[in-house]
Each structure stands twice: as C-alpha cells, then as structure tokens.
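Take this structure first; my questions come after.
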Amino acid sequence: MGFKKMLAGGAVGAGAVAASFAIASPALGHGWVTDDVGDLTSRSGFCAEGVATDCGSIEYEPQSVEGPKGFPEAGPEDGSICGVGAYPELDDPRGGNWPKNEVSAGSVDIGWNFTANHSTTKWEYYITQDNWDPTEPITRAQLESEPFAVVDWDGSQPPKQYIDTVDLPAKDGHHVILAVWEIDDTANSFYNCIDVDYNGNNGGDDGDDGSDGGDDGGDQPGTCEGVSDWSEGATYTSGDEVAHDGRLYSAQWWTRGDEPGTTGEWGVWTDEGAC
C-alpha cells in the first residue's frame with residue numbers, strides 16, 4: 001500500500017512557551033520515528049524537518065522525547081504524553097492541524113532512527129479511540145486501552161535504524177498513534193506521537209479473509225525457488241524471505257538467530273505457506 005505525508009495545517013504555531021521539569025533522568029537524545037527509515041513521521045520528526053514550525057527546542061533534538069517507563073500505569077502525566085513535560089509544544093493539539101501521515105488499515109512500517117540504540121525491552125503502539133477529541137491534548141482516556149501492536153525485544157540491542165512492521169487497525173479520519181520505546185537498562189521510555197489520516201481503505205472482513213487464505217483455500221503450496229535457506233548466523237531485515245523446513249517465511253523486522261516457525265503469531269517471522 002502507498003503512504004505519503006499529507007500536510008494539514010503543518011505550519012500552524014504551537015503558541016506554548018517552552019518549559020521543562022525533572023523526569024526520571026536527563027533527556028540526552030536517543031531515538032524518534034521518521035519516514036527516513038519507515039513509512040511514518042512523528043510530531044518531533046515533522047518539527048525537525050521544518051514541516052511543523054514553532055516547535056521549540058525539539059526541532060534540534062527530535063530524538064529526546066524521554067520520560068518514565070511503565071506506560072500506561074506509569075509514564076508521563078495525561079496531557080503531557082506527547083512531549084513528556086519537557087517539550088510542551090508537542091502536546092499542543094494545534095486544533096487538530098498537525099501534519100499527518102496518510103494511511104490505510106493494514107501493514108505499515110514504523111521506523112526508528114537511533115542516536116543511541118539502547119538495550120530494549122519492547123515497543124508498544126497505541127491509537128486513539130473512535131470518539132477522541134483532536135482539539136484536546138492526548139490523555140490515556142483518549143487512547144484505546146490496549147496497544148494494537150507489541151514487539152518484545154527481551155533486552156537485546158537494536159540496530160541504529162530499526163523497523164517494526166505492524167498492522168494498523170481500521171479507523172476513519174484523523175487519529176494519533178502513540179509509539180513507546182521501552183528501554184531495558186534505564187528507568188525510561190521514549191514517547192512519539194504520530195498523527196495519521198486514514199484515506200478510506202480501512203480493511204474489513206473481506207480483506208482479512210483474503211490475506212490469510214481462509215478455510216476454503218487451504219494451505220496451498222507455493223515456491224521457494226531462488227530463496228535461500230534460513231541460516232542461524234545470518235542477519236535479516238524487514239521483507240527478507242527464507243526457506244525453512246519446507247515453508248516460506250518473511251521477516252517483519254531485524255533478526256538474527258530466531259528460527260522460523262518458532263517465534264509465534266506475533267513474532268519476527270511470518271509463515272507464507274508451504275513450498
């Protein structure tokens with residue numbers, strides 16, 4: 001599917017005066033969501049690119065939106081989730097006029113660019129509820145209670161550029177994705193708010209049935225011709241295909257040493273069928 005930035009009042013000023021307060025540890029700058037790596041750009045990324053203006057200091061350090069981990073039970077206070085208190089410009093809803101990424105329900109690459117690629121516990125991705133108010137700062141009550149995607153990393157260190165390939169739920173119009181990168185060896189997480197606008201292709205039962213083949217089609221053999229066998233010592237990135245035990249697998253993100261067929265439904269390898 002195609003993705004593109006849709007500028008919707010991106011030059012509207014925040015109007016808030018920059019202020020900071022103490023969080024769990026100093027924000028030294030470590031990572032942010034950007035379409036230089038994946039399909040989507042966060043608010044801090046749009047500020048760094050100059051697409052959004054009047055952003056305060058975050059335009060010089062989009063990687064620095066860091067606050068206490070443990071969301072949603074802990075973490076930033078409601079109304080300060082996008083800027084974690086240190087960057088209030090990111091919490092200003094701008095009347096719903098932040099620049100937006102045009103999306104559809106289904107697969108999307110959320111790419112992170114890291115200036116310090118910490119050992120990682122997990123990534124979690126939340127999205128606003130259908131009845132959320134885009135003219136108000138983001139609160140927990142505006143978000144769906146459960147993340148639509150969780151990617152466990154078990155304390156491993158990601159590469160300097162990293163992609164999570166996840167499935168966006170069906171929605172309509174303007175929504176905000178909250179991306180949370182939970183660090184394993186500190187008390188903090190990094191929080192990125194991503195404004196999206198659904199372009200009308202919001203999936204549904206017919207699309208879901210077609211994607212998994214349905215019961216009628218069965219497990220039809222494909223082909224592994226030209227596809228290399230999986231190797232435990234090789235490094236794979238999103239989109240790479242391997243053959244293993246008579247089946248074709250595709251990688252959803254960076255991986256090494258994870259055997260296809262053992263990572264589960266939400267794991268790094270997607271089973272593309274027998275071959």
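What you see below is based on every heavy atom in this structure, not just the backbone, and it leaves out hydrogens, waters and symmetry mates.
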Any side-chain heavy-atom pair of Leu168 and Phe148 under 4.5 Å: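 Contact flag for Leu168/Phe148 side chains = yes.
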Closest heavy-atom contact between Asn117 and Lys160?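 Taking every non-hydrogen atom into account, OD1-CE, 3.3 Å.
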If we ignore angles and hydrogens, is there a donor and acceptor under 3.5 Å between the side chains of His118 and Gln157? no
Assess the residue pair Ser156 and Asp154 against the criterion (side chain to side chain donor-acceptor pair (under 3.5 Å)); give the C-alpha distance rounded to whole Å, side-chain angles, the decisive distance to 0.1 Å, and a yes or no. CA-CA 6 Å; Ser156 298; Asp154 298 325; over 6 Å; no
Would a 4.5 Å heavy-atom cut-off, applied to side chains only, mark Leu143 and Phe71 as touching? yes
Below 4.0 angstrom, N of the basic side chain to O of the carboxylate: do Arg247 and Asp271 qualify? yes
Check: Asn113/Thr34 side-chain N/O donor and acceptor closer than 3.5 Å: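 The criterion, which ignores hydrogens and geometry beyond distance, is not satisfied for Thr34 and Asn113.
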Could you grab the distance from atom CH2 of Trp153 to atom CD of Glu182, nearest 0.5 Å is fine?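 Here the rounded value is 15.0 Å.
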Just wondering, do Ser44 and Phe46 contact through their side chains at under 4.5 Å, heavy atoms?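 A side-chain contact is absent here, since even the closest heavy-atom pair is not under 4.5 Å.
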Side-chain donor or acceptor of Asp195 paired with backbone N/O of Trp98 under 3.5 Å: no
Please check: side-chain N/O of Lys69 versus main-chain N/O of Thr186, any donor-acceptor pairing under 3.5 Å?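 Judged by distance alone, yes, a pair lies under 3.5 Å.
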Between Asn192 (side chain only) and Ser42 (backbone N and O only), is there a donor and an acceptor less than 3.5 Å apart?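 Checking the backbone N and O of Ser42 against the side chain of Asn192, no donor-acceptor pair under 3.5 Å is found.
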Is the side chain of Glu89 donor-acceptor paired with the backbone N or O of Ile58 at a distance under 3.5 Å, no angle test? no
Is a donor on one side and an acceptor on the other found under 3.5 Å between the side chain of Gln129 and the backbone of Ala141?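 Yes; at least one donor-acceptor contact below 3.5 Å.
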Parallel, tilted or perpendicular: rings of Tyr125 and Trp112 (30°, 60°): tilted
Can you check whether Asp229's main-chain N or O pairs, donor with acceptor, with Ser231's side chain at less than 3.5 Å? no
Qualifying residue, where the test is side-chain hydrogen bond (donor to acceptor under 3.5 Å, both in side chains) with Thr165 and the options are Thr270, Asp109, Asp39: Asp109
Is it true that Glu272 and Ser250 share a donor-acceptor pair across their side chains at a distance under 3.5 Å?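 Short answer, yes.
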Are Val108 and Val37 grouped together when hydrophobic residues (ILVMFWY) are joined by side-chain heavy atoms under 4.5 angstrom apart? no
Quick one: sort the Tyr162 and Phe114 rings into parallel, tilted or perpendicular, breaks at 30° and 60°.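 Because their plane-to-plane angle is under 30°, the rings of Tyr162 and Phe114 count as parallel.
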Specify the closest pair of heavy atoms between Pro76 and Val84, including all atoms of both residues, with the distance to one decimal.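 Heavy-atom minimum between the residues: CG-CG1, 3.2 Å.
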Side chain to side chain contact (heavy atoms under 4.5 Å, CB included) between Arg43 and Val176, worked out: CA-CA 10 Å; Arg43 289 182 178 182; Val176 171; 3.9 Å; yes
Determine, step by step, whether Gln252 and Trp269 satisfy the side chain to side chain contact (heavy atoms under 4.5 Å, CB included) criterion, reporting the C-alpha distance in whole Å, the side-chain angles of both residues, the deciding distance to 0.1 Å, and the verdict. CA-CA 6 Å; Gln252 301 306 298; Trp269 292 107; over 6 Å; no
I need the minimum non-hydrogen distance between Trp230 and Asp258, along with the two atoms involved.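 Of all heavy-atom pairs spanning Trp230 and Asp258, the closest is NE1-O, 3.5 Å.
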Given side chains that start at C-beta, do those of Leu90 and Cys193 come closer than 4.5 Å, heavy atoms only? no
Using salt bridge (charged side-chain N to carboxylate O under 4.0 Å, His left out), reason through Asp78 and Arg140 one step at a time and then give a plain yes or no. CA-CA 6 Å; Asp78 283 345; Arg140 286 162 176 79; 2.7 Å; yes
Check this for me, if you would: do Lys100 and Glu102 make a salt bridge, where the nitrogen-to-carboxylate-oxygen distance has to be below 4.0 angstrom?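 Salt bridge between Lys100 and Glu102, a charged N being under 4.0 Å from a carboxylate O: no.
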Cationic N near anionic O, under 4.0 Å, Glu144 to Lys171: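 A salt bridge links Glu144 with Lys171.
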Determine the interplanar angle of the Trp123 and Trp181 rings, folded into 0 to 90°, and report it as parallel if under 30°, tilted if 30 to 60°, perpendicular if over 60°. parallel
Nearest 0.5 Å, what's the CG-OG1 distance between Asp184 and Thr121?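 The distance works out to 3.5 Å.
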What's the spacing between Asp172 CG and Asp130 CG if we round to 0.5 Å?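 The CG atom of Asp130 is 7.5 Å from CG of Asp172, to the nearest 0.5 Å.
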For the pair Glu259 and His244, evaluate side chain to side chain contact (heavy atoms under 4.5 Å, CB included) and give the outcome as yes or no after the intermediate values. CA-CA 9 Å; Glu259 182 180 359; His244 186 61; 2.9 Å; yes
Side-chain heavy atoms of Asp91 within contact of Ile138, under 4.5 Å: no
Can you tell if the side chain of Trp254 reaches within under 4.5 Å of the side chain of Gln161, non-hydrogen atoms only?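 Not in contact.
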Looking only at non-hydrogen atoms, find the nearest pair between Ser119 and Ile183 and report the distance. O-CG2, 3.5 Å
Side-chain (Tyr191) to main-chain (Pro68) donor-acceptor, under 3.5 angstrom: yes
Looking only at atom types and distance, does a side-chain atom of Asn101 sit under 3.5 Å from a main-chain N or O of Thr41, one as donor and one as acceptor? yes
Going by heavy atoms in the side chains, are Asp197 and Val103 under 4.5 Å from each other?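 Asp197 does not reach Val103 side chain to side chain.
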What distance do Gln142 atom CD and Thr128 atom OG1 have between them, rounded to the nearest 0.5 Å? 7.5 Å
Without hydrogens or angle criteria, can the side chains of His30 and Thr115 be said to hold a donor-acceptor pair below 3.5 Å?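 Judged by distance alone, the side chains do not pair up.
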I'd like to check Pro169 versus Ile127 (side-chain heavy atoms, cut-off strictly below 4.5 Å). Are they in contact?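 Result yes, sub-4.5 Å side-chain heavy-atom pair found.
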Looking at every non-hydrogen atom in both residues, tell me the closest pair between Gln63 and Phe190 and how far apart they are. O-CE2, 3.4 Å
Ignoring hydrogens, what is the shortest heavy-atom contact between Pro158 and Thr120? Give both atom names and the distance. CD-OG1, 3.5 Å
Could you give me the CA-CA distance, side-chain angles and deciding distance for Ile110 and Ile163, then say whether side chain to side chain contact (heavy atoms under 4.5 Å, CB included) is met? CA-CA 6 Å; Ile110 301 181; Ile163 290 175; over 6 Å; no
